[in-house]
Asker: 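I am attaching a structure below and will ask some questions about it afterwards.
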Amino acid sequence: MEGIELVAFQIIASVGSARSSYIEAIQAAKQGQIDRAKELIADGEKQFIQGHHAHASLIQKEASNESVTLNLILMHAEDQLMSAEGFKTIAEEFIDVYERFEKLEQKVL
């Protein structure tokens with residue numbers, strides 16, 4: 001496996017791991033483990049950045065007038081990249097909500 005397919009699989013692997021971290025962060029926040037949830041977001045961000053760098057390499061190729069062949073694997077990689085980015089946003093919102101609930105609950109008790 002070479003070229004675009006290899007880069008596509010690098011994107012898929014990195015952002016897939018990131019998305020898993022974001023989902024795990026939501027679960028941690030739901031259990032009241034806010035600090036752990038924030039750590040998982042940070043871990044996911046590191047993984048996401050790796051995928052983003054691989055993606056950027058393809059954009060740079062195309063900007064340099066090198067041919068980047070669009071195929072199903074690359075389309076899947078693009079989809080996974082966008083999905084992971086969306087999950088991060090949602091996870092951060094959930095963490096914020098769970099953190100607010102936890103603080104409110106502490107005030108009530």
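Quick caveat, the model's predicted, so the values are computed rather than measured.
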Asker: In chain order, what residues pass the side chain to side chain contact (heavy atoms under 4.5 Å, CB included) check against Q50, with sequence neighbours excluded?
Answerer: S14

Asker: In terms of hydrophobic clustering (I, L, V, M, F, W, Y; side-chain heavy atoms under 4.5 Å; direct or indirect links), are I12 and I23 co-clustered?
Answerer: no

Asker: Tell me the salt bridge (Lys or Arg N to Asp or Glu O under 4.0 Å) pairs involving residues 42-56, sequence neighbours left out?
Answerer: E45-K88

Asker: What donor-acceptor contacts under 3.5 angstrom involve side-chain atoms of residues 58-74, with partners at least two apart or in another chain?
Answerer:
| residue | atom | partner | partner atom | Å |
| --- | --- | --- | --- | --- |
| S64 | OG | Q60 | O | 3.0 |
| N71 | OD1 | I73 | N | 3.2 |
| N71 | OD1 | L74 | N | 2.8 |
| N71 | ND2 | E5 | OE2 | 3.2 |

Asker: Heavy atoms only: give me the nearest A18-G44 pair and the separation to one decimal.
Answerer: CB-O, 3.2 Å

Asker: Rounded to the nearest 0.5 Å, what's the gap from CG on L6 to CD1 on I11? Could you check?
Answerer: 10.0 Å

Asker: For A28, which residues count as a side chain to side chain contact (heavy atoms under 4.5 Å, CB included) partner, sequence neighbours excluded?
Answerer: Q33, R36, A37, L40

Asker: Where is the tightest heavy-atom contact between V7 and A54, given as atom of each residue plus distance?
Answerer: CG1-O, 3.3 Å

Asker: What verdict does the side-chain contact (heavy atoms from CB on, under 4.5 Å) test give for S21 and I41, after you've listed the backbone C-alpha separation in whole Å, the side-chain angles of each residue and the deciding distance to 0.1 Å?
Answerer: CA-CA 6 Å; S21 291; I41 291 291; over 6 Å; no

Asker: I need the H52 NE2 to S57 OG distance, nearest 0.5 Å.
Answerer: 10.5 Å

Asker: Cluster question for you: counting only ILVMFWY and a side-chain heavy-atom cut-off of under 4.5 Å, with indirect links fine, are L81 and M75 together?
Answerer: yes

Asker: Going from CD1 on I49 to NE2 on H55, what distance comes out if it is rounded to the nearest 0.5 angstrom?
Answerer: 15.0 Å

Asker: Do I4 and F9 belong together in a cluster built from hydrophobic side chains that touch within less than 4.5 Å?
Answerer: no

Asker: Looking at CZ of F87 and CE of M82, how far apart are the two atoms once the value is rounded to the nearest 0.5 Å?
Answerer: 13.0 Å

Asker: What residues form a side chain to side chain contact (heavy atoms under 4.5 Å, CB included) with A84, not counting sequence neighbours?
Answerer: V15, R19, F48

Asker: Within the 4.5 Å heavy-atom criterion, are Q106 and E102 side-chain neighbours or not?
Answerer: yes

Asker: Using the side chain to side chain donor-acceptor pair (under 3.5 Å) rule, collect all pairs that involve residues 91-100, keeping only residues at least two apart or in two chains.
Answerer: K38-E99, D96-R100

